[in-house]
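Below: one structure, written as structure tokens.
Just so it is clear: chains get the letters A, B, ... in the order the sequence lines come, proteins before strands, and each one is counted from 1.
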Number of protein chains: 2
Amino acid sequence: MSTLKESIKSNLLNNNIKPSYQRVKILEFLMSRKNHPSVDEIYTELVKEIPTLSKTTVYNTLNTFIAAKIAQVLSIEDTETRYDANVSFHGHFKCKKCGNIYDFRLDTTDCKSDDLDNFLIEEKNVFYKGICNTCLENKNIDN
Amino acid sequence: MSTLKESIKSNLLNNNIKPSYQRVKILEFLMSRKNHPSVDEIYTELVKEIPTLSKTTVYNTLNTFIAAKIAQVLSIEDTETRYDANVSFHGHFKCKKCGNIYDFRLDTTDCKSDDLDNFLIEEKNVFYKGICNTCLENKNIDN
DNA sequence: ATATTTGCAAATAATTTGCAGTCGA
DNA sequence: TCGACTGCAAATTATTTGCAAATAT
């Protein structure tokens with residue numbers, strides 16, 4: 001068995017989550033994908049490998065991951081929720097043209113506001129939208 | 001007729017939106033409320049004054065406002081979408097205890113990232129979650 | 001008059017829930 | 001065997017759509 005699979009298993013065990021076949025597969029998928037897949041994408045991809053997989057299990061599993069803080073929700077305002085296995089602080093950029101979602105580094109000390117002086121900030125979400133560099137370069141080509 | 005209502009009407013007209021009774025009422029409500037109401041809140045409040053109002057109209061109207069950029073969507077990850085008539089750049093803070101959503105000022109030059117050097121940023125969204133100052137002070141009182 | 005807006009009811013789509021079958025220690 | 005996990009189908013909920021009635025210029 002691959003080392004990656006082993007490390008995923010122990011990651012789950014460390015968070016008191018039993019590493020079932022489905023859970024390991026889902027976390028593996030989430031970590032391997034950079035594009036922050038939706039429930040539907042996760043399901044559609046993995047059902048090829050796990051024909052008995054159900055969407056309910058994908059939902060259950062992701063919610064378990066969120067609760068254990070080994071994954072986070074990406075609320076780039078869209079109809080469907082997207083998920084990210086990278087729980088460290090970073091921003092997201094969604095290209096309006098190609099639809100890709102990019103991660104970007106962000107200074108933790110950044111984005112402060114005096115208005116929140118006596119507030120306890122537990123989660124920070126930063127997301128931008130616009131046109132990515134690739135689409136800007138290809139401006140002349142397409143529609 | 002109040003000056004506020006007049007200014008709302010001209011605001012709508014300036015954006016090529018016919019200032020129907022419902023639209024004026026909805027924009028007025030959105031501007032008067034600081035708490036970024038959901039469709040349901042807008043509907044439930046305004047239907048008291050406008051008994052014939054339908055949710056469809058609230059949805060239609062808000063989408064018209066969004067398209068004209070006189071309102072913006074607040075995607076504080078929740079089940080329902082919230083709306084904000086303040087379209088200037090600012091952040092939102094949601095208190096996990098009382099559920100209130102607070103605005104906070106944010107430096108426009110803030111939250112930059114080298115990773116986005118060649119990206120065209122058109123929209124910035126920043127929202128935090130945690131406990132607000134009021135709830136922190138009342139920590140000892142409640143549940 | 002005529003074009004736009006409104007509002008009901010039905011349709012969609014994402015997510016949750018109830019519960020029965022399955023699996024692993 | 002027992003409790004947790006899975007997965008189907010039904011339920012729920014936010015939003016959209018089709019279309020007819022109402023409204024305004």
> Which residues within residues 39-58 of chain A lie with some heavy atom under 4.0 Å of an atom in DNA chain D?
Replying inline: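 A:T52, A:L53, A:S54, A:T56, A:T57, in order of number.
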>> Any residue in residues 14-22 of chain A with a heavy atom nearer than 4.0 angstrom to DNA chain D? Just list them by number, or reply none.
In response: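 Residues of residues 14-22 of chain A that come under 4.0 Å of DNA chain D are, in numerical order, A:K18, A:S20, A:Q22.
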> With sugar-phosphate meaning primed atoms plus P, OP1 and OP2, does A:S38 contact a base, only sugar-phosphate, or nothing at under 4.0 Å between heavy atoms?
Replying inline: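 If one applies the 4.0 Å heavy-atom cut-off, A:S38 turns out to touch nothing in the nucleic acid.
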>> Tell me which pairs pass ring pair (Phe, Tyr, Trp, His ring centres under 6.0 Å) where either residue lies in residues 37-62 of chain A, with sequence neighbours left out.
In response: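 Output for this query is empty, none listed.
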>> Per the ring pair (Phe, Tyr, Trp, His ring centres under 6.0 Å) rule, what does the pair list look like for residues 100-121 of chain B, sequence neighbours excluded?
In response: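 Passing the test, one end in residues 100-121 of chain B: A:F93-B:F119, A:Y102-B:F119, A:F119-B:Y102, B:F104-B:Y128.
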>> Short of 4.0 Å, heavy atom to strand atom, which residues of residues 59-67 of chain A count as contacting DNA chain C?
In response: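 Going residue by residue through residues 59-67 of chain A, the ones with a heavy atom under 4.0 Å of DNA chain C turn out to be A:Y59, A:N63.
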Less than 3.5 Å apart, any donor N or O on the side chain of [X] or [Y] sitting next to an acceptor on the other?
| X | Y | result |
| --- | --- | --- |
| B:N86 | B:S88 | yes |
| B:H36 | B:D103 | yes |
| A:N125 | A:H92 | no |

>> Can you give me the first and the last nucleotide of DNA chain C (5' to 3') that has an atom within less than 4.0 angstrom of a non-hydrogen atom in chain A?
In response: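 Reading along DNA chain C, I get C:dA14 to C:dT17.
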> To the nearest 0.5 Å, how far apart are CG in A:N138 and CD1 in A:I131?
Replying inline: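 So the gap between those two atoms works out to 12.0 Å.
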>> Is there a continuous path of hydrophobic side-chain contacts, each under 4.5 Å between heavy atoms, that joins A:V126 to A:I76?
In response: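 Hydrophobic grouping puts A:V126 apart from A:I76.
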>> Quick check on salt bridge (charged side-chain N to carboxylate O under 4.0 Å, His left out): which of B:D114, B:D117, B:D115 does A:R105 satisfy it with?
In response: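 Only one of B:D114, B:D117, B:D115 forms a salt bridge (charged side-chain N to carboxylate O under 4.0 Å, His left out) with A:R105, namely B:D115.
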>> Please give me the minimum heavy-atom distance between A:T57 and A:I26, naming the atom from each residue.
In response: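 Reported closest heavy-atom pair: O-CD1, 4.4 Å.
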> Between B:V87 and B:K69, is any pair of side-chain heavy atoms under 4.5 Å apart?
Replying inline: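 In short, these two side chains do not touch, never coming nearer than 4.5 Å.
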>> When you compare the side chain of A:V47 with that of A:T52, does any pair of heavy atoms fall below 4.5 Å?
In response: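 Of all side-chain heavy-atom pairs linking A:V47 with A:T52, none is under 4.5 Å.
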> Taking it one step at a time, do A:E123 and B:K96 satisfy salt bridge (charged side-chain N to carboxylate O under 4.0 Å, His left out)?
Replying inline: CA-CA 10 Å; A:E123 293 172 41; B:K96 289 178 174 177; 3.0 Å; yes
